[in-house]
Enquirer: 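Take this structure, written in structure tokens, and hold onto it; I'll ask about it next.
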Amino acid sequence: MESSALEWNDEVREGVLKRLKLWQQCSSKPTAARVTELVEHLNTLGVTLPCPELGELLVSQIYHDNNQPWTWKFTHHALSSRLLFPLQILSLLASNAIPLRHSHPHSFALFLPLLAQHAFSFHPTPSLSCNLKIVSSVDSALRFSETYKVRDLEIGHVFVLFFYEIVISLLDCTLIDWGFQVKFSEKSRLVAAGEGEDCMDMDRNVTQSFEKSEYHEQIRKRNSFTALEVLERLTESRKATILLQSVLLNMPEKFNCLQQRLQFLESLELASSELKLVNQVLTKVSTNICGVSHFDYCLSKHRLVGTLINMGSCKVPLRCNYRFCPSPCWVPFDIYMENAMDSRQIPTKSAIDVLTEGIKTLQILNQASWQETFLALWLSALRLVQRERDPPEGPIPHLVARLCVLLCIVPLAIANVLRDDAEHNFSSVQVSMESECTHERKSDDSMKLELISSVQVLGNFSCLLCPPTLVIDAANQAARKAASFIYNSMNGKGESGTGIHANANTKAGGNLRHLIVEACIARNLMDTSVYFLPGYVSTSVLPLSDSSPLEKSPWSIFMEGTPLNNTLINSLTVTPASSLTEIEKLYYIALNGSDVERPAAAKILCGASLSHGWYIQEHVIHYVIKLLASLLPPSLAGSRSLLVDNMPMLSAVLRGASSVDTVHILSLHGVVPTVAAALLPLCEAFGSIKPTSNSTGDESSTSTYMAFSLAFLFLIRLWKFCRPPLDLCITELGVAVGGLEYIISLHNNRVMYSQDKWKSNQNESASVKPVYIDSFPKLRALYCQYKSCVASALSGISTGNSIHQTANMILSMIYQKITKVGISSSNSSSPTSSNACSSLINSGEDAFQRPMLPAWEVLEALPFVLESILTACAHGRISSRELTTGLRDLVDFLPASLAAIIDYFSSEVTRGVWKLVPMNGTDWPSPAALLPSIELEIKAILTHVGVEVPNCSSGGSPVFLPLPMAALVSLSITFKLDKSLEYMHAITGAALENCASGCPWPSMPIIGSLWAQKVRRWHNFIVVSGSRSVFRHNNESVAQLLRSCFTSFLGTLSVSTSKLTAECGVNGLLGSTITAPGAYPYVAPGFLFLRSCRNIHNVQYVNDIIVGLVTEYSNELAGRRSDAGSRHIKSNEASLSLAAQSAKEVATLGASLLCAAGGMLLVQELYKETIPTWLLSSRDVKKNNDSVASYILEGYAMAYLLILSGSIIWGVGTKLPPGTFSRRSRTIEVHLDFLAEVMEKKISLSCNPITWKTYVCCFVGLMVSVAPVWVQEVRVDTLRKLARGLSRWNEHELALSLLHRGGMAAMGALAELVNVIESEPMLPCS
């Protein structure tokens, strides 16, 4: 043991020296016997072997005392017998032999064969202190810590650096000894040491004595060729490839130095006749080293796991009707895009960023070309648009938002992919490693050609390209533009028709492909040469292109300087701008124009240019946000006059930007946090302004309250005011997801994340700054009141309090409409706060006077007012009709009060303390006329998607709702269905649905029936919305719906007559239209799941169901691919490939649905809890599928599910926000720690060993090939344990590949593992 070992001391040293001198004098004894004798002597003394001090002593004897051949022979035998540590001895010898190779040619000649034989002998000792001494000895000789700037060296790391230094040194020696004066970016330290003044003098003096010795000259000359031969022998080893590949991955700039030398040698091949003598060796060395950058471990393609990991892509047929186009491996595109259309979600993350990561991830996972990837992306976006062909009408985003995805979001995401690829190619060393991802990296121009090719192939999907009515004119205009360009080019004209609209009656045959091309041209993704693609422009259009009557665009008229009159304003509002110049001019008019021009310009800016200006939409959004933030002074003090003067303009911006479609477009562009940050100071300022007149018809009063209401309700929608209280328990970035602090923190994180980009543009950086809620005291006070209202009931207020006086005035205004008689406080049996508020009515205020108060003061008093009138209604002191009238009058007075009403009523519904009231048509509105049919249609929708629902029909009996719920729905149906009131409908609809979650199951059909009676054209939308409520608390219904999703996409596991299997694939899952034609508005199961999953109460349950379904389908697939009665999969590789491809499709669907349902929360749960539990649990597998194939496919599918879900949520790159990056690294490390503990046999599993081994190998293999960045975020100790376990399974290549991606910190672990790899010739993958 190390504790009892004798330390090296002077006495031991002297004893060894005596023996060496004795052996030098007596040469008859064999060298092997001398080594054996020394080993026995040191063992007798208790000295631990190998001994670093002995190595230093022996090398000093070689070079300083008696540089004789027998000492070299002794060193060779000592290395072979493990008496010395090869790494240390070779390092010490190299530090002398290479610099002094001219003065000591014999030493260099003896050193080279020693190096060739022992360079890869690396066996770290169990003694930590011994290893540290060896590292210190090597570092003293070769100065690695100084050269490579590494503070803490470990022995494996030193081994990698030593081998790289040897390769560089031998190359430099050869070049210098051949007489070439070369200057590389970095010189080998060993060779540079030999060029020092002292060494050169010694070489010169000693060499003079050898000048007449032809023998010594021949030795020196032969040494240079021997060095090259040794280099060839070393580099042809597979171990050398592994070590140099580690340098390539972790120190690419160092490997580039090696490449410079090879390029120099290749340039000399024909220039020097002397080099032709060693041309063959030189070629081999160059090939060996160049092969490092092209070498792929292949993950044992001849083995089963390698076959699974290297699965090819799902090819999209180039010619087929889209309804029958199988593209299962690209379904994440379809699911994400459709999920992004849910109006109840207002995502804070840009869809552009999500798709950018998704494009790169799926291209690697599917091992597809860029043409296939772009084609799949276009097809998914086209299916998204076509699904809106005959939608149910309702207050939800429609075709405009879907076209935004096709014509703006997707092109911008592709532009990001091209930009990132160009930056990578520019910044990276010109040495790429194909094993990083098996697809070939393309240059920017090549990727653009593949993009153009994908657009050309789109012409084969005619059904998908048929334009909706909304864009027929735009498509025809794009086709005519292309035809005009071709016609003018053929006739030598330079006119392209920009700004000119041809007669719309001309049949140009335009389709969605023409719009896609124009969107790409606008963003420089392609140029006008695409117009000449075969079939792009119909030949029948060309003769008409020069003869069509032309009319000027209203934007051309505007740019010519025509003043903004009513006609021009209306035309510009409904016509999208075509260039950024037009938008910029409009922006400056809105900012600096006359009092009449500014609101008109703001209205135009937020019109069709914002909603339909797909070619420049991102720029329009930028100027809209800039307009909102442009008038904000450094301090809100004294800002009233400025804001009042600009109130009409700001109101126009707020009204135009708050429509349902526009808000959704803003969320798709990811600017929700930025917009919210711009709204905060507007709300604070407008809400603090006291109206100047108490006249109800005063314009100033109306505009002040309206401007505040527009800004405040807009802000409410953005920070998810109406989400269930449960959301407040979910935290991200240290704050609650459903809270105002969350959206502020998102904005501030983006500002901090982008500060480096802003440094080059000081003007821009000044306009985008962090915001803090404490800077807005009025808003902060109301927000705190909101949170306390959610948490508990209101507390009483004392008479005379300022809130008491405000509530008094508001109640007086309300009772102007409902009664002239006050409510006596003595008759009230309500809580303390209700007594106080009820007494306000008796204070003698004029009931006909509207209070002229700042909006914040009104909102602060409203909860007490609402409690008072709700309590009065509950005790019969006012009727339900009077309550509804009073609430409506309150909303008419201050529209922003709708937020307070929703806040208070939602909290009271959740509290459940109010009595149920009958919806009988007498006291409250009755849903009886439509309720039975609504319930029947909801049940029909659920039955169609395979969900058996409990019988909750009212059966003709009276229906009831809680009093706050009844009041809220009664208020909502009094609103007019006016486009200008969308900002109110959007928040009310979300509130009603969230309130319904706190009521029994029939509540949603009741609410839907009341609304369907009011707006009959919304009938189908209401029925579909009502069908979602069953999934909120019913886990069994969620499981049935998920099974239907798998069935509709993949087909049934058994013979079935279900309609869900009539059309499998994407259209079976999501539907080719939102609602299928027929008596009832049927929807596809996937569509219904995406609209329901975000409100599932027990969302963690989705993980268990999806994992179970993936397991079940994998087992069934294995049964189909196995021979009858056999436990083994069919032997041919094609059968395995087909089965694995099907399992991949199963996992792809599962990962996509899981990410849509719970996002990062569910994925973290999957990594940390669900999959480990699945591995720890024993499962009963059907006997007929109890085969090796079922276990293999089960493990592969689960690994793919985990990798894909993580890739969708976190991405596979390094460009991540700080919060996301830390979450990803922690989650992955927790899972890999679990795998490592099992590999070390510290945790026992209950799953089948084949499943376990397949899962681990596939998970690691996929992570290495798809997401190598993840590996660098894991602790080295965990990687070492995993690599050791994989090596025990003979998965050496996979283990080495894992450590290669572990960064510089894992280089030591990699070197330790190299010893398990037998030396064999390098076999690159074909």
Enquirer: Taking the side chain as every heavy atom from C-beta outward, state whether Met1239 and Phe1234 have any pair of such atoms under 4.5 Å apart.
Expert: no
Enquirer: Is there side-chain contact between Arg1280 and Leu1298, with at least one heavy-atom pair below 4.5 Å?
Expert: no
Enquirer: With a 3.5 Å distance limit and no angle check, can you tell me whether His1300 reaches the backbone of Leu1310 through a side-chain donor-acceptor pair?
Expert: no
Enquirer: Minimum heavy-atom separation for Leu355 and Phe333, please, with both atom names.
Expert: CD2-CD2, 4.1 Å
Enquirer: Between Glu357 and Val1212, what is the shortest heavy-atom contact and its length?
Expert: OE1-N, 3.4 Å
Enquirer: What are the two closest non-hydrogen atoms of Leu1294 and Gly1261, and how far apart are they?
Expert: CD1-CA, 3.5 Å
Enquirer: Can you check whether Leu249 reaches Phe255 side chain to side chain, under 4.5 Å on heavy atoms?
Expert: no
Enquirer: Given side-chain contact (heavy atoms from CB on, under 4.5 Å), test Met341 with Leu668 step by step and report yes or no.
Expert: CA-CA 9 Å; Met341 292 297 103; Leu668 290 173; 4.0 Å; yes
Enquirer: Check whether any side-chain N or O of Ser1297 sits under 3.5 Å from a backbone N or O of Glu1293 as a donor-acceptor pair, and report yes or no.
Expert: no
Enquirer: Going from CD1 on Ile414 to CZ on Arg419, what distance comes out if it is rounded to the nearest 0.5 angstrom?
Expert: 13.5 Å
Enquirer: Should Thr373 and Trp330 be marked as a side-chain contact (heavy atoms from CB on, under 4.5 Å) after you check the CA-CA gap, both sets of side-chain angles, and the distance that decides it?
Expert: CA-CA 8 Å; Thr373 306; Trp330 302 104; 3.6 Å; yes
Enquirer: Contact between Ile335 and Leu1153 at the side-chain level, heavy atoms closer than 4.5 Å - yes or no?
Expert: yes
Enquirer: Please name all residues satisfying ring-ring contact (aromatic ring centres under 6.0 Å, His included) with Phe374, sequence neighbours left out, ordered by chain then number.
Expert: Trp370
Enquirer: Determine whether a donor-acceptor pair (N or O, by modelled atom type, separation under 3.5 Å) exists between the side chain of Ser453 and the backbone of Leu449.
Expert: no
Enquirer: Taking side chain to side chain contact (heavy atoms under 4.5 Å, CB included) as the definition, give me every residue that meets it alongside Ala1295, ordered by chain and number, with sequence neighbours left out.
Expert: Ala1283, Leu1286, Ser1287, Leu1313
Enquirer: Between CG of Asp353 and CG of Asn416, what distance do you get to the nearest 0.5 Å?
Expert: 6.5 Å
Enquirer: Kindly indicate whether the side chain of Gln1164, heavy atoms from C-beta on, has any atom under 4.5 Å from the side chain of Ile1209.
Expert: no
Enquirer: Is Lys1281 salt-bridged to Asp1277, going by a charged N under 4.0 Å from an acidic O?
Expert: yes
Enquirer: Tell me the closest heavy-atom pair linking Leu525 and Pro411, and the distance in Å.
Expert: CD1-O, 3.4 Å
Enquirer: Where do Leu418 and Lys448 come nearest, in terms of heavy atoms and distance?
Expert: CD1-CG, 3.9 Å
Enquirer: Go through it in stages, so that I can follow the logic: the residues are His669 and Cys404, the test is side-chain contact (heavy atoms from CB on, under 4.5 Å), and I'd like the CA-CA distance, side-chain angles, deciding distance and then a yes or no.
Expert: CA-CA 10 Å; His669 281 266; Cys404 168; 4.0 Å; yes
Enquirer: Between the side chain of Ser1142 and the main-chain N/O of Leu1138, is any donor-acceptor distance below 3.5 Å?
Expert: yes
Enquirer: Counting only N and O atoms by type, is there a donor-acceptor contact under 3.5 Å from the side chain of Ser454 to the main-chain atoms of Leu451?
Expert: yes
Enquirer: Test your reading of the model: is there a side-chain donor-acceptor pair from Glu372 to the backbone of Ser369, 3.5 Å cut-off?
Expert: yes
Enquirer: Salt bridge check: are Arg383 and Glu338 linked by an N-O gap of less than 4.0 Å?
Expert: no
Enquirer: Among Asp1104, Thr1111, Asn1103, find the residue that satisfies the side-chain hydrogen bond (donor to acceptor under 3.5 Å, both in side chains) test when tested with Trp1174.
Expert: Thr1111
Enquirer: Is there side-chain contact between Thr356 and Leu412, with heavy atoms separated by less than 4.5 Å?
Expert: no
Enquirer: Between Ser1205 and Leu1202 (side chain of the first, backbone of the second, donor and acceptor by atom type, cut-off under 3.5 Å), is there such a pair?
Expert: yes
Enquirer: Quick one: CD1 on Ile516 to CE on Met526, what's the gap to the nearest 0.5 Å?
Expert: 9.0 Å
Enquirer: In terms of side-chain geometry, is the basic nitrogen of Asp421 or Lys360 positioned less than 4.0 Å from the acidic oxygen of its partner?
Expert: no
Enquirer: Counting N and O atoms only, with roles assigned by atom type, does the side chain of Thr1251 sit under 3.5 Å from a partner on the main chain of Cys1247, one being a donor and the other an acceptor?
Expert: no
Enquirer: Looking at Arg523 and Glu618, is there a salt bridge between them, counting it only when a charged N and a carboxylate O are closer than 4.0 Å?
Expert: yes
Enquirer: With side-chain contact (heavy atoms from CB on, under 4.5 Å) as the criterion, how do Leu458 and Leu379 come out once you've worked through the C-alpha distance, each side chain's angles and the decisive distance to 0.1 Å?
Expert: CA-CA 8 Å; Leu458 279 180; Leu379 292 176; 3.8 Å; yes
Enquirer: What heavy-atom pair brings Ile665 and Ala401 nearest, and what distance separates the two atoms?
Expert: CG1-CA, 4.4 Å
Enquirer: Atom CD of Gln1100 and atom CD1 of Ile1105: how far apart are they, to the nearest 0.5 Å?
Expert: 13.0 Å
Enquirer: Just verifying a value: how many Å separate Asp1233 CG and Arg1226 CZ, rounded to the nearest 0.5 Å?
Expert: 13.5 Å
Enquirer: With a 4.5 Å limit on heavy-atom distance, are the side chains of Asp334 and Leu384 in contact?
Expert: no
Enquirer: To the closest 0.5 Å, what do you measure between OH (Tyr1200) and OG (Ser1207)?
Expert: 8.5 Å
Enquirer: So, the side chain of Gln1272 versus the backbone of Gly1303: is there a donor-acceptor pair under 3.5 Å, distance only?
Expert: no
Enquirer: Any idea how Tyr1167 and Phe1259 line up, ring-wise: parallel (<30°), tilted (30 to 60°), or perpendicular (>60°)?
Expert: perpendicular
Enquirer: State, with a plain yes or no, whether a side-chain heavy atom of Met1307 is found less than 4.5 Å away from one of Met251.
Expert: yes
